[in-house]
Amino acid sequence: MTQTLKIAIADDEEDIRQYFRRLLPKLGYELIGEAENGIELVELCRTAEPDLIITDVMMPEMSGLEAATKICKTQSVPIIVLSSHERSDSDDNPCIVDYLLKPVSISDLQAAIIKACPAA
Amino acid sequence: MPAATSDPSFTSSEHVNEMTAELTDIDAQRESFEQELRGRNRVLESVATGRPLAEVLETLVEVAGESRPDTIGSILVLDQQEGCLRHGASRRLPDFYLEAIDGVVPGPKAGSCGAAAFTGERVIVEDIKTDPLWEDYREVAARANLRACWSEPILAPCGRVIGTFATYYNTPRTPDAADLEFVQSSAKSAALAIERVRADYKLRQMAAIVDSTDDAIILKNVDGMIEQWNGGAERVYGYSSDEAVGQPIAMLVPDDRVYEHDANIERLLLGERVDHFETIRQTKDGRRIHVSSTISPIRDSSGKISHFVEVQNDISPRVQAQAELERERSVLEAIVHGIPDALLLGSLDRKLTFCNEGACRMFGYERGEMEGESAAILYADHDDFLRQGESRFNLTASTHDNILQINWRRKNGEVSAGEVVGTIIRDPSGKPIKFLALIRDITDRKKAEATIREKQRQLSTLMKNVPGAAYRCLDDSVWTMEFISEGCEEITGYSSSEIVSGAPTWRAIAHEEDRDAIQKEIRQAVAEQKPFQLVYRIRNRSGDVRWVWEQGEGVHSDDGKVIALEGLITDMTELQSTRDKLLQAERLAAVGQMISAIAHESRNALQRIQVGTDMLGLELEEESDAHNDLQRINRAKEDLLHLFEELRSYAAPIQLDMGAKNLAEVWHQAWVNLEASRNGCDAELLEDTGDLELTCNVDAFRIEQVFRNLMENALAAGSAPVRITVSCAESEINGAPAVSVSVRDNGPGLADEQRDRIFEAFFTTKPKGTGLGMAIAKQIVEAHRGTIAVGDAGEGGAEFLITLPRNCK
């Protein structure tokens, strides 16, 4: 086992953020920061340098996809998107390694994380 | 004549006067002289009293016999027309002698009288028995006992012989001076009598002529006073002779003609001639009449003009007739030149003799250029000229008045069509004198006719192709159709002729519930002179209700009365149903959007449930009751998710991603994907492709969904062992190649209600089902332009038949 995988999350729902707060440590990952919208996520990544980002799409101020695009310009960090919409072709950001349609189960999520960061 | 007087000097009156003193027997001489004078006076008296010539001459012979009793007197008068001498008067000559000499032609040897008349000289025959002049008449003279005959020619003042005066004796005798004087004097008296009587006769003849003529003959003196006024003048002017004579001629001359009258008189007084002239005079009753007049001077014996004679003839009727004729002629001329048609007269050799202005316009020639030319110049086709010459302008051809259409040539060479009629003009005796032709230019009419034909053709084409029925009907209670185009048959099932004949009327065709409303709307629109638009129902021939749309308007006469309705009726039943469908589609789209939004929003909620159950699951012991409850929550969440997915799929518009795909691969994939569903279920898939090539152009993902839905139903319906049979057959849709796939199961099959409603949304027989699966399947198949239907599986199970075109674009 190498270093603990550092994960940043973004979701405007407190319930969901709380879920990640509790779940990720259980799965052996480190939650290094939470954002409530895209702007906060971009800011968070600039300072925290996560290994993986898990983000919702529909958020106030800035969507998860917009934030992913901005982040992708400065960093090379895998991003898992959770969405209630099916992925559209225009979302061809190379940083987005997975696109999970809600509702996402723990097993789906874990599989996606492992797939995104096989070394972890 | 008295034989006693031997001196010839005693026979003349002047000698008598000279010699009275010398005479010894004065009394006897005076006696003789007085007797002669009395005799002469008797003669003059009978002449003066206008006795007939024969009586005057008898008196003359009688007087001669009284003064010389031994003398036998005879007067012969020259008949100027016959050129012979006729018996005038005689004394003591027997009738046979008179008959013998009557009609003797003057000649050098025709007796004493014949010779005297011939020579104009006195002829003395002393003895008839021996004188050669009497050779032809000697015998008859002897019978009459005549021996001497002295004849003195009777001479007119001009010296012309007009007769002879002869004295016969029963013995040969030589005249003395007195005898000769007597003969000469008697001849002079006879001359006077004959001339006078003849002049009198001529005068009376002239007077009769003057009185009998219709011309007014008026004699006026140089002062302009009327002196003679004949019957003609009375008839022309209305004044009687008594009224006119003594009055000035000026009373006949109207004021505006005085100058002319005075000028004429002046010219005549200067010795000039005045020719015959026409002028105006006025009558007693004030009428102005046209007269033809001559005026001539009359001179007295000294050659001085003493009178004028005016001869006038009332020509008013002629002038009026002429004026009437002129008027008629100008009317005729105005007509002839005013008619727009060409009117041509031709001589019998078909040379143009007259062309009206219409002809000049039609042919582009001046009149002078046509007149005198052969009519052939006007024909575009010389054969037409020849044919007209045979059939119409031919004296032997039978008359016909048919109108012929012929091409004519203008001066500039242009050819135009014209209708011609023609005839032969004859004089009152029936003799042909001219040909008459009337030509009407019909170029414009032909153009108009062609335009009308073209318009009619366009209208007819339009009528045939217009989607619906164009009509014209009366504004009556049943809308009696005067015309309705053939399109009505497609709408109503009744032919145009049936509807026009009123069997049935349009009112009868209109739906009974809509008739009054239609009537009301039309009446209102027509009253406001506005077009109307109606949508109403009709019953067609088979009794089906159809929806029609009608637009029309009233046709008004000049005085504003409605004479008809005109418009168009189209069938909008399909449109109505399409509209209904469209409305439904719009509604569905809205519902779809809503569902889509709900589905999306639900995912977030579902995610929170998921998060909650997942976290709870981590904390609960497996197999505990609480864990089982959690599993049930999870299943409910899955069902909810599935329902949202189906709703979204049904409501959202289908976007196909087409590609060539073998249908067998597609249903295989569906079967494989159902593996989880049929886990633990005894089910098998039987395939019978019939060695058919199964490649079709489809959206494989969608068609797989169709198969999956059908298979899911089969799995749900059937009891183990479930057997699903897929078989294929070649087919076609709308003539295009297609593949028909049958999917049947061995379940209980479909009840009648299921068969009818299986493709309706939310119709389900499964306790757990959205009721959208088959509706979605139908949507997908129809999006591929294919069909899906319930089949009639022989073995009792449910069968669905999917037919897909091979090359759906």
Side-chain angles (χ1 to χ4, degrees), chain A residues 7 9-29 31 34-38 53-61 63-65 80-92 98-114, chain B residues 592-622 627 630-659 673 676 699 701-702 704-705 776:
Chain A
I7 299 175
I9 58 134
D11 203 307
D12 53 338
E13 293 270 356
E14 168 56 22
D15 285 358
I16 305 297
R17 294 200 298 277
Q18 194 185 7
Y19 164 73
F20 282 116
R21 243 175 265 145
R22 288 171 62 191
L23 178 67
L24 292 181
K26 278 188 192 287
L27 297 178
Y29 307 123
L31 177 66
E34 297 171 23
E36 288 184 26
N37 58 46
I53 298 169
I54 298 172
T55 179
D56 185 21
V57 175
M58 299 292 284
M59 291 184 290
E61 308 290 335
S63 79
L65 294 175
I80 293 171
V81 172
L82 304 184
S83 175
S84 51
H85 291 282
E86 281 180 19
R87 184 175 187 172
S88 104
D89 292 341
S90 58
D91 308 328
D92 54 352
D98 218 334
Y99 195 99
L100 302 176
L101 199 58
K102 292 178 183 178
V104 182
S105 65
I106 291 174
S107 51
D108 291 342
L109 185 66
Q110 196 169 14
I113 293 170
I114 292 167
Chain B
Q593 276 181 342
M594 194 169 71
I595 288 172
S596 202
I598 291 170
H600 169 245
E601 288 308 313
S602 302
R603 282 181 190 279
N604 285 329
L606 289 169
Q607 180 66 56
R608 296 209 299 278
I609 294 171
Q610 179 81 54
V611 164
T613 54
D614 280 356
M615 293 308 294
L616 209 53
L618 290 176
E619 289 168 19
L620 292 174
E621 274 183 39
E622 284 196 26
H627 197 272
L630 196 61
Q631 288 305 315
R632 278 198 285 280
I633 293 171
N634 261 334
R635 279 202 294 279
K637 179 210 72 187
E638 285 299 328
D639 287 348
L640 203 54
L641 185 62
H642 183 67
L643 172 63
F644 283 138
E645 276 309 296
E646 293 229 306
L647 278 173
R648 210 174 56 86
S649 175
Y650 177 69
I654 296 175
Q655 304 276 336
L656 295 180
D657 184 11
M658 306 295 276
N673 287 347
D699 181 334
F701 178 76
R702 294 290 192 172
E704 183 197 318
Q705 194 180 351
I776 292 168

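Throughout, protein chains are lettered first and strands after them, A, B, ... in sequence-line order, and every chain is numbered starting at 1.
- At least one side-chain heavy atom of Lys102(A) sits under 4.5 Å from a side-chain heavy atom of Asp56(A).
- Contact count versus chain B (heavy atoms, under 4.5 Å) is highest, among Leu23(A), Ile16(A), Asp15(A), Leu101(A), for Leu101(A).
- Residues Tyr19(A) and Ile9(A) form no side-chain contact, since every pair of their non-hydrogen atoms from C-beta on lies 4.5 Å or further apart.
- Residue contact with chain A, scored on non-hydrogen atoms closer than 4.5 Å, is absent for Ile609(B).
- Ranked by non-hydrogen atom pairs under 4.5 Å with chain A, the options Lys637(B), Arg608(B), Gln607(B) are led by Gln607(B).
- The main-chain N or O of Asp11(A) is found under 3.5 Å from a side-chain atom of Arg17(A) such that the two form a donor-acceptor pair.
- Taking 4.5 Å as the limit, some side-chain heavy atom of Leu630(B) sits within range of a side-chain heavy atom of Leu620(B).
- Contacts between Glu13(A) and chain B at a heavy-atom distance below 4.5 Å involve the side chain alone, from C-beta outward.
- In this model, a donor atom of one side chain and an acceptor atom of the other lie less than 3.5 Å apart for Asn673(B) and Glu704(B).
- Note on Val611(B), Leu606(B), Asn634(B): by heavy-atom pairs under 4.5 Å with chain A, the leading option is Val611(B).
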